[in-house]
2 protein chains.
Amino acid sequence: MLKPDNQEHTAACAHIGRMLARISDKWTLLVVQVLGRGPLRFNALRREVGEISQKVLASTLRELEENGFVSRTVTPVTPPQVEYALTDLGRDFLEPVRGLAEWVVANSARMDAARAAYARRRGHG
Amino acid sequence: MLKPDNQEHTAACAHIGRMLARISDKWTLLVVQVLGRGPLRFNALRREVGEISQKVLASTLRELEENGFVSRTVTPVTPPQVEYALTDLGRDFLEPVRGLAEWVVANSARMDAARAAYARRRGHG
DNA sequence: TATCTTGGTTTCCAAGAGGAACCAGCTTAC
DNA sequence: GTAAGCTGGTTCCTCTTGGAAACCAAGATA
């Protein structure tokens, strides 16, 4: 049994944890970031994202739709046309995501250096 | 074959993607966020993070160490004592991660509302 | 002697991710 | 007229990953 203070603290952290877990799987952040450049159709999005499989892109998009980050607009022409775009919530979310992406771009050299140093330590450790 | 412009563009995105993928698994961001409050030993960290298994926490920490975000300090006493702490790089990384966490805290109501709306649409759709 | 501690690793099983094939509904090519 | 191809998926199968639980060393404690 935890003290009330700790309980509150832990509950808040668990909440952050759940939300963070909901958005930080392998592809979600990347998809949000790509859609931040503009709406895209399924296969165009897939090409932009890179090596994602259809199945995983579909489920990632469904989850993003469920969380209210992206909208899915079907135009019943032939061939079918399904456009994915960020919602207001998704665009707001883009701000911290871009912060993350920019940090990654700015610091990838440091990350690579750290990996190299680790490999050296491990290599002749 | 892509045009040079696109190739450059795609290469940069792939790079962001790789880096983003490296840090955005289920637990990494959360562990970084928790360690941002101060160094912790393995089991203390595990209790703070919540429902993570030992195996996954161990591998998450190894990867964070590999990327240069956390340091691992072993004190050879008995029982063994292993302290994990953010490095300079990890502390720098904390800034965008906190941005994300704060956004999540500030907008969790909107996320929940979107989920509820989606469930309603699906419920009697 | 038996048990508890710490920080893991190993084992086993279920869940998830990925590749490939398939599908519908229409268009184009041969 | 029939075969192939486009779209946006779904289904099937496999392989990797995640999680629970057991095990481990090396001492402290009872």
Side-chain angles (χ1 to χ4, degrees), chain A residues 14 17-18 20-32 34-35 38-67 69-86 118 121-122 125, chain B residues 14 17-18 20-32 34-35 38-67 69-86 118 121-122 125:
Chain A
R18 269 196 308 279
L20 227 46
R22 209 185 271 168
I23 58 176
S24 66
D25 67 272
K26 192 172 174 187
W27 296 109
T28 300
L29 289 179
L30 190 52
V31 168
V32 167
V34 168
L35 280 180
L40 284 174
R41 293 171 60 185
F42 187 87
N43 281 328
L45 179 54
R46 197 182 162 205
R47 280 187 296 272
E48 286 296 309
V49 167
E51 303 156 359
I52 193 169
S53 70
Q54 285 187 320
K55 193 184 73 171
V56 175
L57 178 55
S59 69
T60 300
L61 284 169
R62 228 175 299 126
E63 206 169 319
L64 281 169
E65 196 193 347
E66 200 174 336
N67 284 328
F69 288 123
V70 310
S71 62
R72 180 176 183 277
T73 311
V74 182
T75 310
V77 293
T78 159
Q81 191 169 328
V82 182
E83 194 177 71
Y84 292 93
L86 292 183
Y118 181 89
R121 283 202 303 278
R122 291 278 130 179
Chain B
R18 270 195 308 277
L20 227 46
R22 209 185 270 167
I23 58 177
S24 65
D25 67 274
K26 192 173 175 186
W27 296 109
T28 300
L29 289 179
L30 191 52
V31 168
V32 167
V34 169
L35 280 180
L40 284 174
R41 293 171 60 183
F42 187 87
N43 281 329
L45 179 56
R46 197 181 164 208
R47 280 188 294 273
E48 285 296 310
V49 167
E51 304 155 359
I52 193 169
S53 69
Q54 283 188 320
K55 192 182 74 167
V56 175
L57 179 55
S59 69
T60 299
L61 285 170
R62 231 175 298 127
E63 207 170 319
L64 281 170
E65 196 193 349
E66 201 175 332
N67 284 328
F69 288 122
V70 309
S71 62
R72 180 176 183 275
T73 311
V74 183
T75 310
V77 294
T78 160
Q81 193 170 326
V82 181
E83 193 178 74
Y84 292 92
L86 291 184
Y118 182 90
R121 282 202 302 277
R122 291 279 130 179

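- Partners of Glu65(A) under the salt bridge (charged side-chain N to carboxylate O under 4.0 Å, His left out) rule, at least two apart in sequence or in another chain, do not exist in this structure.
- The shortest side-chain heavy-atom distance between Leu40(B) and Glu48(B) falls under the 4.5 Å cut-off.
- With values rounded to the nearest 0.5 angstrom, Arg41(B) atom CZ is found 8.0 Å from Thr75(B) atom OG1.
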Would you give me the side-chain donor-acceptor pairs under 3.5 Å for residues 79-86 of chain A, sequence neighbours excluded?
{"unit_1": "Tyr84(A)", "atom_1": "OH", "unit_2": "Arg72(A)", "atom_2": "NE", "d": "3.1"}

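- Arg62(B) is listed as a side-chain neighbour of Tyr118(A), based on a closest heavy-atom distance under 4.5 Å.
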Polar atoms only, N or O, under 3.5 Å: list the protein pairs with nucleotides 4-8 of chain D and their distances.
{"unit_1": "dT7(D)", "atom_1": "O3'", "unit_2": "Arg41(A)", "atom_2": "NH2", "d": "3.1"}
{"unit_1": "dT7(D)", "atom_1": "O3'", "unit_2": "Pro80(A)", "atom_2": "O", "d": "3.2"}
{"unit_1": "dG8(D)", "atom_1": "OP1", "unit_2": "Arg41(A)", "atom_2": "NE", "d": "3.1"}
{"unit_1": "dG8(D)", "atom_1": "OP2", "unit_2": "Asn43(A)", "atom_2": "N", "d": "3.2"}
{"unit_1": "dG8(D)", "atom_1": "OP2", "unit_2": "Asn43(A)", "atom_2": "ND2", "d": "3.1"}

Nucleotide N/O of nucleotides 15-18 of chain C paired with protein N/O under 3.5 Å:
{"unit_1": "dG18(C)", "atom_1": "OP1", "unit_2": "Lys26(A)", "atom_2": "NZ", "d": "3.3"}
{"unit_1": "dG18(C)", "atom_1": "OP1", "unit_2": "Trp27(A)", "atom_2": "NE1", "d": "3.3"}
{"unit_1": "dG18(C)", "atom_1": "OP2", "unit_2": "Trp27(A)", "atom_2": "NE1", "d": "3.4"}
{"unit_1": "dG18(C)", "atom_1": "N7", "unit_2": "Lys55(A)", "atom_2": "NZ", "d": "2.9"}
{"unit_1": "dG18(C)", "atom_1": "O6", "unit_2": "Lys55(A)", "atom_2": "NZ", "d": "2.6"}

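- From one end of the helix from dT1(C)-dA30(D) to dC30(C)-dG1(D) to the other, with five pairs defining each end axis, the axis direction shifts by 30° (rounded to 10°).
- In this structure, the CZ atom of Arg46(B) is 11 Å from the P atom of dT6(C), given to the nearest Å.
- For the pair Leu57(B) CG and dT10(C) P, the computed distance is 17 Å after rounding to whole Å.
- Between Thr28(A) atom OG1 and Asn67(A) atom CG the span is 8.5 Å, to the nearest 0.5 Å.
- Summarising the geometry, the separation between CG on Leu61(B) and P on dT6(C) is reported as 16 Å, rounded to the nearest angstrom.
- Distance CH2/Trp27(B) to OG/Ser53(B): 8.5 Å, rounded to 0.5 Å.
- Taking the side chain to side chain donor-acceptor pair (under 3.5 Å) definition, one finds that Thr60(B) meets it with nothing, sequence neighbours left out.
- Two residues are said to be in side-chain contact when any heavy atoms from C-beta on lie closer than 4.5 Å; Leu45(A) and Leu61(A) meet this criterion.
- Between Arg62(A) and dT10(D), a side-chain N or O to OP1/OP2 separation shorter than 4.0 Å is present.
- Side-chain contact check for Phe42(B) versus Gln54(B): some heavy-atom pair is nearer than 4.5 Å.
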